[in-house]
Amino acid sequence: MNRVFLKGVRDGIPIAMGYYAVAFSLGIVARKAGLGPASGFMSSLLTRASAGEYGAYSLFADNASYLAVIIMCVVVNLRYLLMSASLSQKLAPDTGVFTKILVGCCMTDEVFGISINYPGLLNPRYTYGAMTVSGILWAAGTASGIAAGNSLPANVVSALGVALYGMFISIVVSAAKKHWKLIVAVSVACVLSWLFSIMPYVRDIESGTRTVILTIGVSALFAWLLPASVETDDSKVTGEHE
């Protein structure tokens, strides 16, 4: 059990490093909203959603209502509902509800990426390990950004914000190289995402909602056209779950 947890920690370290850099720039936004290092640390530790936190901090700065903040966070983070539902299929059939909830609470884009690529059935401790190290560094990055204030140049802050996208792309590409169906699906999703961003009316939809629509649509299409084959090799099915 400890070995699987530590493997998750090891695989989560590169993610944690990227999180720290991006959260640092997020901390600068949080500082403008009036958060201190301690409150920023706890906010990021419990949330771990860059778009959701950025929107929340922006609304805090505008003295928006709690209801507005809650609605915004739900809409922006709907993709995690899809990720959790997908990852639940990687868990053993006898996995308890509480364990499923904990795994769902661990979801971030990158942790989902490495968890969905876990060999065979997912051992929840792997996800716990990855989320432990990455979650702490994410929160620490926010606190550090708040403490540093506006000391960094604007171009450096912008570069830090792009780093996380590069890391997530590397996770997706790594898995896609092994499965040609994923390459096709990802390519189609990229083209449709670009079209959605320029098409009239559609481009006015909030980006998180567009992501959810594309995820459901492309997944359903390829599940119908190119269904995944079921593994019959016992070693691939069991993985390190036991």
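The model shown is predicted, which means the values in this text are computed figures rather than measured ones.
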Linking I/L/V/M/F/W/Y whenever any side-chain heavy atoms sit under 4.5 Å apart, do [X] and [Y] land together?
| X | Y | answer |
| --- | --- | --- |
| Met131 | Leu81 | no |
| Val97 | Leu102 | no |
| Ile101 | Leu91 | no |
| Leu59 | Tyr66 | no |

If you round to the nearest 0.5 Å, how far is [atom2] of [Y] from [atom1] of [X]?
| X | Y | atom1 | atom2 | answer |
| --- | --- | --- | --- | --- |
| Ser134 | Ile114 | OG | CD1 | 7.5 Å |
| Leu122 | Ser88 | CG | OG | 10.5 Å |
| Met199 | Trp194 | CE | CH2 | 10.5 Å |
| Lys90 | Asn117 | NZ | CG | 7.5 Å |
| Phe60 | Leu35 | CZ | CG | 7.0 Å |

After noting the C-alpha distance and the side-chain angles of Met17 and Leu137, does the key distance pass the side-chain contact (heavy atoms from CB on, under 4.5 Å) rule? CA-CA 7 Å; Met17 295 173 66; Leu137 265 292; over 6 Å; no
State, to 0.1 Å, how close Leu214 and Ala189 come at their nearest heavy-atom pair, and which atoms those are.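 Of all heavy-atom pairs spanning Leu214 and Ala189, the closest is CD1-O, 4.5 Å.
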Minimum-distance pair of heavy atoms, taken over all atoms of Ser84 and Met107: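 Heavy atoms of Ser84 and Met107 come nearest at OG-CG, 3.4 Å.
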Would a 4.5 Å heavy-atom cut-off, applied to side chains only, mark Val133 and Tyr19 as touching?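 Side chain of Val133 against side chain of Tyr19, heavy atoms only: no contact under 4.5 Å found.
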Does the side chain of Asp109 reach to within under 4.5 Å of the side chain of Tyr80, using non-hydrogen atoms?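 Yes, close enough: below the 4.5 Å cut-off.
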Show the numbers, then the answer: is there a side-chain contact (heavy atoms from CB on, under 4.5 Å) between Phe222 and Val188? CA-CA 10 Å; Phe222 279 87; Val188 171; 3.7 Å; yes
Around Tyr54, counting heavy atoms of other residues, nucleotides and ligands shown, do more than 12 lie under 6.0 Å from its OH?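 12 or below, so no.
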Could you walk me through whether Phe112 and Arg79 satisfy the side-chain contact (heavy atoms from CB on, under 4.5 Å) test, starting with their C-alpha distance in whole Å, then the side-chain angles of each, then the deciding distance to 0.1 Å, before giving a yes or no? CA-CA 11 Å; Phe112 169 79; Arg79 68 186 186 279; over 6 Å; no
Does the side chain of Ser144 pick up a donor-acceptor pair with the side chain of Tyr20 at under 3.5 Å?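 Checked: Ser144/Tyr20 side chains pair up, N/O donor to acceptor below 3.5 Å.
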Tell me every residue that passes side-chain hydrogen bond (donor to acceptor under 3.5 Å, both in side chains) with Thr47, counting only those two or more places apart in sequence or in another chain.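 Thr47 satisfies side-chain hydrogen bond (donor to acceptor under 3.5 Å, both in side chains) with no residue once adjacent residues are dropped.
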Residues in side-chain hydrogen bond (donor to acceptor under 3.5 Å, both in side chains) with Tyr126, at least two apart?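 Partners of Tyr126 under the side-chain hydrogen bond (donor to acceptor under 3.5 Å, both in side chains) test: Asp11.
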Walk me through whether Tyr128 and Val103 qualify under side-chain contact (heavy atoms from CB on, under 4.5 Å). CA-CA 7 Å; Tyr128 297 159; Val103 171; 4.1 Å; yes
Remaining members of Leu46's ILVMFWY cluster at a side-chain heavy-atom cut-off under 4.5 Å?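 Reading the cluster by chain and number, Leu46 sits alongside Phe41, Met42, Leu45.
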